[in-house]
Amino acid sequence: MEWELVMGLEVHIELATKTKIFCGCSTEFGGAPNTHCCPVCTGMPGTLPVLNRQVVEYAVRAGLALNCDINRYHKFDRKNYFYPDLTKAYQISQLYLPFAQNGHVDLKLKNGDTSTIRIHEIHMEEDAGKLIHSSYGDETYPDYNRCGVPLIEIVSEPDFRTTEEVIAYLTKLKSICEYLDISDCKMEEGSMRADVNLSIRPKGSDTLGTRTEMKNINSFKAIERAIAYETKRQIALVEDGGRVVQETRRWDESKAQTFAMRSKENAQDYRYFPEPDLPPVRISEEEIAYYRSICPEFAEQKAERYVSELGLSAEDAAILADSKYLAELFEGTVAICKDAAEVRYWMMTQVLYFLNERNLQPADITLAAEDFAAFVQIVKAGRINRQTGKTVFEAMFFAEAPFDLEGYIREHDLEQVDDDALITETIRALIAANPKAVEQYRSGQTKIVGFFVGQTMKQLKGKANPATVNAVLERELNQG
Amino acid sequence: MQIQNMTALEVGAAIRNGSLTVTEAVTQALDAAESSNARTNAYITICREKALAQAEQVGQQIANGSLTSPLAGVPIAIKDNICTKGVRTTCASRILENFEPVYDATVMQKLQAAGMIAIGKVNMDEFAMGSTSETSYFGATRNPWDLEKVPGGSSGGAAAAVADRSAVIALGSDTGGSIRQPASYCGVTGFKPTYGTVSRSGLVAYASSLDQIGPIGKDAADCAAIMDIIAGSDPMDATSLAETPTEFLAGLTGDVKGLRIGIPSECYANAGLDAEVAAKTKAAADTLAEAGAIVEEISLPFLDYVIPAYYIIATAEASSNLSRFDGVKYGFRSNSYTGLTDLYRATRSEGFGKEVKKRILLGTFVLSSGYYDAYYRKALKVKALIKQKFDEVFSQYDLILCPTAPTTAPAIGQSLANPMAMYLSDIFTVSVNIAGLPGISIPCGFDAAGMPIGVQLIGKPLGDKTVLQAAYAYQQRTDYHKQEAK
């Protein structure tokens with residue numbers, strides 16, 4: 001039988017506000033345990049939450065970008081459960097009246113197809129702390145730094161049919177959040193977390209199969225693997241005459257398998273009820289209008305502009321526009337040096353290569369547009385050739401900005417040699433020293449010219465202008 | 001000078017005019033608290049050293065003119081569910097037996113800024129759950145008027161301390177009558193402000209949507225004076241109102257001419273209402289009528305639904321609020337457990353008393369999947385209807401007058417043996433919390449056994465000053481509030 005895959009996603013995104021959602025503590029990642037805490041976020045008796053209005057702003061702007069209806073009046077609810085990382089034994093979340101509903105995200109896939117993922121709702125909530133399990137002994141230590149870090153949870157409809165759609169969706173969420181400047185969406189650091197609800201059904205069926213929910217997936221790569229594993233597991237189970245059980249399963253990255261955590265029967269009763277400590281939140285038409293007015297240009301519009309205005313190919317434009325950090329560097333550099341083609345060349349060949357090779361994120365780039373533009377201008381002016389340029393670019397890319405480009409070229413003596421007399425002199429010496437090769441060339445084996453180019457470059461430490469070398473070689477070899 | 005029978009304002013005035021030092025006042029209060037405690041068990045913690053050190057400092061500040069509050073230097077007792085930095089705050093529970101807060105409640109910061117001095121933390125029903133102050137882990141508090149009787153609750157320690165003349169004034173909290181009912185039983189004045197008038201930051205929550213801090217004192221003027229200190233919007237409490245009344249004390253003129261007061265006929269039709277209580281509260285209405293108020297009979301037809309709605313909302317919120325006491329972070333932890341779930345189970349089974357556990361179970365039940373709509377959601381609807389009904393009444397009346405409690409103080413042990421009767425005795429007080437209204441209980445006479453009776457005045461939202469005004473007018477014309485427990 002042919003099976004169809006049906007998936008829905010619940011994506012948690014940490015909002016990058018300076019302070020937590022209900023107190024004034026820092027949200028910064030990675031502090032020493034329990035140093036970003038106060039009586040409120042540690043749930044001391046008598047403390048009360050006070051809503052950080054910036055969280056509402058960030059959340060609503062995300063909701064608008066995801067084409068949601070924004071509820072002008074929404075409320076918080078308590079989700080009750082016991083766990084040592086949850087200081088109050090309840091999480092303040094939104095169940096009955098979330099701030100955003102009925103959105104959608106349009107995806108453009110690699111093969112050119114498009115698809116639309118509907119968003120059921122987005123709600124605001126607070127994050128819990130972390131438990132650190134002792135590597136020796138059986139002790140567990142809570143770290144409450146993350147308690148109260150603001151989150152939005154984006155709940156999709158079960159509209160995903162392929163892994164590619166899932167990845168495209170997450171990539172797009174990340175891109176949108178970057179452009180809105182509301183989250184860094186780093187899956188590895190947990191600032192973006194995706195739970196995948198997955199079921200299978202016979203192709204052509206329009207009823208949904210029993211789903212499982214996979215948690216603890218910490219990278220895009222892991223998502224692909226987890227989906228592949230769970231699909232296979234469910235198909236094998238059903239084809240063997242078994243039934244999929246509705247349950248939560250934990251993805252184990254090292255074993256590359258999912259494991260049952262708890263079944264529906266054992267699902268916790270969270271006893272949701274309206275949070276009495278927080279009055280309902282109201283959002284005015286003026287606020288909405290303002291958030292719309294400051295909505296930035298997102299990846300698709302940017303990519304279209306790169307194609308129509310800057311002459312990039314659709315593929316290159318999409319890659320550069322997807323990441324705010326790449327787009328900012330690209331556009332910033334083009335704005336100064338006015339040479340989109342040359343900037344594109346260095347972005348696509350060098351920048352992407354370094355990110356990939358060093359496993360860096362676009363957000364990690366420290367290269368300044370000013371330095372990049374100055375570099376492009378030096379290359380364009382012929383002061384260094386492209387080969388030397390690669391060395392210079394690498395040094396500049398990994399150095400602290402601002403980069404002393406002139407100093408670096410001087411110090412390493414990299415200025416392009418375009419001195420006709422010097423090149424001619426070098427070439428004449430090579431011709432004299434290699435009569436056999438000259439003979440070959442003159443007998444029609446013109447490919448041997450490559451040997452002379454290489455030797456000339458070697459003599460001139462790679463700094464010679466390739467165009468001049470070629471011209472002089474042609475002139476000299478064809479003489480006499 | 002003996003402060004025993006002085007009001008807080010009189011003590012403050014004596015300190016300011018130099019006839020009494022802060023240290024003398026505080027020492028007298030501490031001595032009285034210690035001797036009273038042997039009889040009444042009103043105090044859980046008496047902070048002698050801290051209070052005396054503070055008295056020294058406040059005395060200097062008053063002398064150099066940096067403290068000018070009419071209550072500067074006045075000793076005060078604090079209910080033990082209000083967080084006091086470095087002074088244990090137990091909520092009368094084993095689970096917080098040795099818990100010392102790392103911060104001061106907003107009201108404590110305000111009291112300190114005004115130069116008032118906390119002499120101790122007073123007893124209460126465990127986590128404010130009860131009407132008798134018998135459910136305390138530290139033992140029941142006794143009524144100074146008759147040590148075999150309860151002082152009421154949950155702020156029973158606060159009411160007993162003021163009635164026994166050890167505390168000049170006290171702060172309590174009121175979720176369903178916990179300030180007004182013990183004030184009534186102990187012959188003192190207890191004021192519950194409009195919800196959101198006094199910050200709840202630092203009040204260990206019982207039922208967040210109903211809890212409100214307020215004073216228990218010897219008279220309405222003292223309550224007004226302390227409201228001037230503790231009322232006001234607080235950035236640490238999102239449910240505190242942006243605008244709250246001010247100048248409570250200055251507003252007291254004693255004039256009630258033309259004030260429209262409604263008397264709900266349903267209260268007097270209540271089967272549980274004691275005849276002596278009915279007679280004395282009616283007499284109180286007559287006194288206010290003689291002073292120029294217009295007193296008329298009104299109808300509050302929802303009274304039958306008040307108790308069930310209250311116990312659903314209060315216990316639901318409590319079940320969530322008390323979940324943080326899990327033995328993980330602070331407070332009591334059981335000695336014997338295996339694994340995490342058992343740690344929770346053992347700690348909470350041993351740490352909480354019977355009444356608290358009963359209410360947690362009830363609250364957990366009404367919020368559980370499949371029952372939420374039938375109970376909690378319905379209770380919220382009742383709450384909305386009660387508010388609406390009060391709004392209708394208050395479109396024509398300034399105040400409602402009714403008994404505070406159906407009877408005078410019962411004997412120790414009597415209420416807990418019949419919990420349904422105990423819950424029903426909250427009937428006149430809980431609707432005030434459900435609707436977030438201000439209410440006061442003032443002494444209006446004694447029953448044949450000599451036990452005090454209280455009458456309740458209820459105001460419209462933010463009508464706190466009108467409530468205090470009428471209470472003050474009544475106390476200017478009567479001396480029940482000046483009577484002393486023997």
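Convention: sequence-line order gives letters A, B, ...; per-chain numbering from 1.
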K.L.:
Within the distance-only criterion (no hydrogens, no angle test), does the side chain of B/Lys329 pair as donor or acceptor with the backbone N or O of A/Thr42 below 3.5 angstrom?
P.N.:
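No, the answer is negative, given that no donor and acceptor are paired below the 3.5 Å cut-off.
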K.L.:
Report which part of B/Leu340 has an atom under 4.5 Å of a heavy atom belonging to chain A: side chain, backbone, both, or neither.
P.N.:
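Answer is side chain: those atoms of B/Leu340 sit under 4.5 Å from chain A.
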K.L.:
Look at the side chain of A/Asn80 and the backbone N and O of B/Ser320, then say whether any donor-acceptor pair between them is shorter than 3.5 Å.
P.N.:
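Between the backbone of B/Ser320 and the side chain of A/Asn80 there is no qualifying donor-acceptor contact (under 3.5 Å).
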K.L.:
So what's closer than 4.5 Å to chain A heavy atoms on B/Asn81: side chain, backbone, both or neither?
P.N.:
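B/Asn81 has no heavy atom closer than 4.5 Å to chain A.
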K.L.:
So what's closer than 4.5 Å to chain B heavy atoms on A/Pro39: side chain, backbone, both or neither?
P.N.:
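When you check distances to chain B, only side chain atoms of A/Pro39 fall under 4.5 Å.
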K.L.:
Who wins among B/Pro235, B/Ser323, B/Ala105, B/Ser319 for the most heavy-atom pairs under 4.5 Å with chain A?
P.N.:
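The residue among B/Pro235, B/Ser323, B/Ala105, B/Ser319 with the greatest pair count is B/Ser323.
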K.L.:
If you compare all heavy atoms of B/Leu380 against all heavy atoms of A/Pro274, which two are closest, and at what distance to 0.1 Å?
P.N.:
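What the structure gives for the nearest pair is CD1-CG, 4.3 Å.
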K.L.:
Below 4.5 Å from any heavy atom of chain A, which atoms of B/Arg377 appear? Answer side chain, backbone, both or neither.
P.N.:
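For B/Arg377, the contact with chain A is made by the side chain alone.
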K.L.:
Which atoms of B/Ser199 are under 4.5 Å from chain A, going by heavy atoms: the side chain, the backbone, both sets, or neither?
P.N.:
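Neither the backbone nor the side chain of B/Ser199 comes within 4.5 Å of chain A.
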K.L.:
Test side chain to side chain contact (heavy atoms under 4.5 Å, CB included) on A/Arg78 and B/Ser208; report intermediate values, then the result.
P.N.:
CA-CA 12 Å; A/Arg78 287 190 188 174; B/Ser208 313; 3.7 Å; yes
K.L.:
Please report whether the ring centroid of A/Tyr96 lies less than 6.0 Å from that of B/Tyr372.
P.N.:
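Yes, the ring of B/Tyr372 comes within the 6.0 Å limit of the ring of A/Tyr96, centre to centre.
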K.L.:
Taking the side chain from B/Tyr103 and the backbone from A/Thr47, do they hold a donor-acceptor pair closer than 3.5 Å?
P.N.:
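The answer is yes, because a donor-acceptor pair under 3.5 Å joins these two groups.
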K.L.:
What part of A/Tyr272 gets closer than 4.5 Å to chain B, counting heavy atoms only: side chain, backbone, both or neither?
P.N.:
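For A/Tyr272, the contact with chain B is made by the backbone alone.
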K.L.:
Tell me whether the count of non-hydrogen atoms from other residues, nucleotides or ligands lying under 6.0 Å of CZ in A/Arg146 goes above 12.
P.N.:
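For A/Arg146, atom CZ is crowded (more than 12 foreign heavy atoms under 6.0 Å).
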K.L.:
Is a side-chain donor or acceptor of B/Arg324 paired with a backbone partner of A/Met44 at a separation under 3.5 angstrom?
P.N.:
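Yes.
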K.L.:
Check each atom of B/Ala207 against the heavy atoms of chain A and say whether the ones under 4.5 Å are side chain, backbone, both or neither.
P.N.:
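It is neither, since no heavy atom gets under 4.5 Å.
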K.L.:
Chain B heavy atoms under 4.5 Å from A/Thr140: which part of the residue, side chain, backbone, both or neither?
P.N.:
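Contact with chain B: none, neither part.
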K.L.:
Mind checking the CG-CG spacing from A/Leu48 to B/Asp234? Nearest 0.5 Å is all I need.
P.N.:
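So the CG of A/Leu48 and the CG of B/Asp234 are separated by 8.5 Å.
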K.L.:
Check each atom of A/Phe273 against the heavy atoms of chain B and say whether the ones under 4.5 Å are side chain, backbone, both or neither.
P.N.:
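For A/Phe273, heavy atoms of backbone and side chain both lie under 4.5 Å from chain B.
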K.L.:
Need one label for B/Phe325: side chain, backbone, both or neither, based on atoms under 4.5 Å from any heavy atom in chain A.
P.N.:
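B/Phe325 touches chain A through side-chain heavy atoms alone.
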K.L.:
Counting only heavy atoms closer than 4.5 Å, note whether A/Asp277 contacts chain B via side chain, backbone, both or neither.
P.N.:
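The answer is both parts of A/Asp277.
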